[in-house]
Amino acid sequence: MRDTDYGYKVCYRKHGKSKLKIFIVTNAYELAAFHIRWYETHSPPDKTLLNVTWVIVPIKTYTEYKRLWRDCPF
């Protein structure tokens, strides 16, 4: 189990691209892995995120944490 004080970003990268895009921000690594597994098996076929590479990135600084959670849609 990996621990961080600030959480994790679930990001994806489309094939042929180098930029990571944030899909969701979570507090736990297990929850981040769950989101990836769920989206790979339950995503609608018309979605554009079918052939992407998923990456779980830890949030390392307090400043990044505050910036990401400020715009949280929940």
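Note that the numbering runs from 1 along the sequence shown for the chain. What you see is a predicted model; the values in this text were computed from it and never measured.
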Are Val55 and Tyr29 connected in a single hydrophobic cluster, I mean Ile/Leu/Val/Met/Phe/Trp/Tyr linked by side-chain heavy atoms less than 4.5 Å apart?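 No, separate clusters.
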
Is there a path of hydrophobic side-chain contacts, each under 4.5 Å between heavy atoms of I/L/V/M/F/W/Y residues, joining Ile22 to Tyr62?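 Tyr62 clusters together with Ile22.
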
Any side-chain heavy atom of [X] sitting closer than 4.5 Å to one from [Y]?
| X | Y | answer |
| --- | --- | --- |
| Tyr12 | Leu20 | no |
| Val10 | Ile36 | yes |
| Val57 | Tyr8 | no |
| Val52 | His15 | no |

If I compare all heavy atoms of Glu64 with all of Lys9, which pair ends up nearest, and what's the gap?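 Here Glu64 and Lys9 meet closest at OE2-NZ, 2.7 Å.
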
Pairwise distance NE2(His35) to CD1(Ile56) - rounded to 0.5 angstrom: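 Atom-to-atom, His35:NE2 and Ile56:CD1 are 10.0 Å apart.
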
From Tyr6 OH over to Lys60 NZ, what is the distance, rounded to the nearest 0.5 angstrom?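 Rounded to the nearest 0.5 Å, the OH-NZ separation comes to 13.0 Å.
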
